[in-house]
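Down below is the structure, laid out as C-alpha cells.
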Amino acid sequence: MTGDVTPVTDITPVVVRLKLSLLKNGLRQSGGRRAAYVVSAVVVLFFGALQLLGLVALRGHAHVEAVVVLLVAVLALGWAVMPLFFPGGDETLDPTRLVMLPLRPRPLVRALLAASLVGIGPLFTLLLLTGSVITVAHGGAAYVVAVVAVVLALLVCVALARTVAAANIRLLTSRKGRDLAVLSGLVIAIGAQLVNFGAQRLGSSGLSQLEPAGDVLKWVPPASAIGAVDSVSAGSYGVAVLQLALSAGALVALIGVWTRHLTKLMTSPDGSTLQAAGEQPTRDRGAGGLARLLPAGRTGTVMERSLRYVWRDPKTKAAWVTSLAIGLIVPVFNALQGTGSIYFACFAAGMLGIQMYNQFGQDTSAFWMVATTISSAHDAYVELRGRALALLVITLPYATLVTVTTTAMLGDWPRLPEVLGLSFALLGAMLATGAWTSARFPYSIPQEGYKNVAPGQTGLAWISIFGGMVSAALLTAPVIVATIWVNVTQDGDEWGWLLLPVGAAYGAGITLAGLRLAAPRTAARLPEILAAVSKG
C-alpha cells in the first residue's frame, strides 16, 4: 500500500510577489506617496551612481583598499541598525504576520532573504559594492572573485538586517520599539557630526589615516569579502580564500541565528505585553521620591508632570536627548579640532532653551485636563512657571557642565565667568519668548510616526520656533554688548567676572517678565490653544 506524498512547493516566488504587491499597493494609496517614492528612488539611485563613479575614479590610489573596506563596514553597520530605527520601512520585516500560516522556518528564511533583495536599499548597496570591487580588482582572477565578493557582501548585509529584526521584533512592534525609532534623529545628528569631524581630519591628514582601521576591518565580514578581491590582485590567494571564508561563515551563522529566532517567534506565545507583578510598587516608590524633591503645591505638580513627559513621552524624550547631544557635540568637536571658541558653549543653553517652545503642544489632546485647572492669569502664571522650573532643573547644570568642559579643553579659564553669564542670559531670553510663543502660536505634535508638526500647522511651527529664537537673540543683546564692551574697551580678565552675576540676574529677570506677559494671554486663549494642540 502506497501512501500519498504531498509535494513540497517552493514559497520563494510567492513571498517575492507578496513583497512586490505590498510595494505596489502602498503606492496606490495616494499620489503624494507615489511622488515621494519616485523622488526618493531617483535621489538615492543618483547618489549611488555618483558613489560608484567616485569609487572607480579612486582606482590606483595608494590607500584605496582602506577606503572601500571602511565603506563596506559602515554600510553593513547601517543595515544592522536600520530595523531598529525604521521598523515600519518594510512590512515583510515582521515575521509574526506569518505565524498562522503552515510554513517551516528554513523555506521561509530562504523566501524572506530573496524578498529582501527587492527594493531601493539593496540596489543602492549593490552599486556601492560594485564600485568597491572595481576599484581594487586587477586581473581576470580578481574580477571572478569580485563577483563572488559582491554576492556574499550583499547577502551578509541583508541577512544581518533580517537577523536583527527577528531578534528584536517583539520590541520593535511594541510601544517601546516605536519610542526607540523616534530616537533615530539623535543617531543622525551624532552621525553627521562624526562624519564632519572625520572628513575634516582626512582633509588635513590624507587617506593614510584610514590604513590602521582598514587593516583590521579587512578581516571583519562583509568587508573581508572586499579585502579578498584586493588580496587576489596582490597575488595572496591563500589570504583571499580565508577572507572569503570569513564572509561565507558569517552568512551561514547569521542565517542560523535568524532561523532559530524565527522558529521561536512562530512557536512561542507573545508575552511582551505582560506586565510583571512586582513592577508597580517600584514605580510608585520612584514617584514618591521624585515628588519629595519638588516644591509643594501646583508648582511641584507641574514640574513633576513635565519631568515625567521628558522621561516617558517618546517625542519629548527624543527632542531632549537630541538637544543634549548636539549641545555638547558642537562645542566639544570644535574644541577638539583646535578651531573652536569658548563662546560655542552657549550652544548648549540655546539648544535646551528650544524645549520651552510649544509647551502646550507637547501635551497634545491631554492639554484639556490642564486647561480645566486654569481659570485666571495667576493659574496660567503658576503653570508656566512650573514648566520653566522643570526645564531649568536639567538645563542649568547641563549648560554649566558644557561650558566648564569646553573651557578646560581650550584652556581659556579667564573667560569662563562671562561665557556662563552669557549662557544664562540666553537661556532666560529663550524661556521668556518660549512661554509667549507657546500661548500665541501653539501647534499639535502627532504621537505616531516621525512628524513633529501636524499637517497644516507647519507655518505656525516656523513662526513659533524661529521667530522666538530671533526675539531671544534680540533680548540677549544687552548682555552681548556688555561682553563685547568689557573685552574691547576694558581689561576682560579683570572685569569679565562681573558678567556672570549680571547675566544670571538678567536671565532671571527676563524670564519672570516673559512669564508675566504670557500668563494673561494663555488664560484668555485657552479654547484656541486646546483646539490647536488637539488637531493631530
Side-chain angles (χ1 to χ4, degrees), residues 186-205 209 212-213 310 319-356 391-431 469 472-473 476-508 511:
L186 173 62
V187 176
I188 295 173
I190 296 178
Q193 292 294 331
L194 292 174
V195 170
N196 179 48
F197 180 67
Q200 292 186 8
R201 289 290 300 272
L202 289 177
S204 60
S205 304
Q209 296 288 317
V310 173
W320 269 95
V321 173
T322 303
S323 295
L324 289 168
I326 298 178
L328 177 65
I329 288 173
V330 170
V332 168
F333 271 47
N334 279 278
L336 286 173
Q337 296 174 42
T339 59
S341 168
I342 189 174
Y343 294 101
F344 276 126
C346 297
F347 204 82
M351 287 299 301
L352 295 183
I354 294 176
Q355 304 308 316
M356 187 64 185
L391 188 145
L392 288 173
V393 167
I394 302 173
T395 304
L396 279 179
Y398 184 78
T400 303
L401 175 63
V402 172
T403 304
V404 172
T405 302
T406 306
T407 304
M409 296 178 67
L410 296 174
D412 197 1
W413 292 105
R415 298 189 185 276
L416 175 61
E418 63 184 70
V419 177
L420 273 177
L422 188 58
S423 294
F424 295 157
L426 175 62
L427 179 59
M430 298 196 74
L431 291 178
M469 291 172 64
T476 316
V479 181
I480 297 176
V481 172
T483 304
I484 297 173
W485 181 77
V486 167
N487 284 278
V488 172
T489 63
Q490 304 292 326
D491 187 351
D493 293 346
E494 182 178 355
W495 297 97
W497 66 271
L498 288 174
L499 293 172
L500 175 55
V502 169
Y506 182 84
T511 299

Could you pull out the closest heavy-atom pair between [X] and [Y], with the gap in Å?
X	Y	result
Thr476	Ala429	OG1-CB, 3.5 Å
Ala472	Met430	CB-CG, 3.7 Å
Thr406	Pro331	OG1-CB, 3.5 Å
Leu499	Ala482	CD2-CB, 4.0 Å
Ser323	Gln355	OG-NE2, 2.8 Å
Ala425	Tyr506	CB-CD2, 4.0 Å

Discussion item. side-chain contact (heavy atoms from CB on, under 4.5 Å) for Leu427 and Leu396? Distances and angles first, verdict last.
Written reply: CA-CA 9 Å; Leu427 179 59; Leu396 279 179; 4.0 Å; yes
Just to verify, what does [X] make a side chain to side chain contact (heavy atoms under 4.5 Å, CB included) with, not counting sequence neighbours?
X	value
Val393	Met303
Thr511	Leu431, Leu515
Leu500	Pro417, Leu420, Phe424

Worksheet item: Quick one: salt bridge (charged side-chain N to carboxylate O under 4.0 Å, His left out) pairs with a partner in residues 394-414, sequence neighbours left out?
Response: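 Listed once each, the pairs are Asp412-Arg415.
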Practice prompt. Evaluate the criterion side-chain contact (heavy atoms from CB on, under 4.5 Å) for residue pair Leu328 and Phe333; output intermediate values, then yes/no.
Written response: CA-CA 8 Å; Leu328 177 65; Phe333 271 47; over 6 Å; no
Item to complete: Take Leu352 and Trp320 through the test side-chain contact (heavy atoms from CB on, under 4.5 Å) and record every step on the way to the result.
Response: CA-CA 7 Å; Leu352 295 183; Trp320 269 95; 3.9 Å; yes
Worksheet entry | CG-CE distance between Leu426 and Met469, expressed to the nearest 0.5 angstrom |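 That separation rounds to 9.0 Å.
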Worksheet item: What residues form a side-chain hydrogen bond (donor to acceptor under 3.5 Å, both in side chains) with Tyr343, not counting sequence neighbours?
Response: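 With sequence neighbours excluded, Tyr343 shows a side-chain hydrogen bond (donor to acceptor under 3.5 Å, both in side chains) to Glu418, given in chain and number order.
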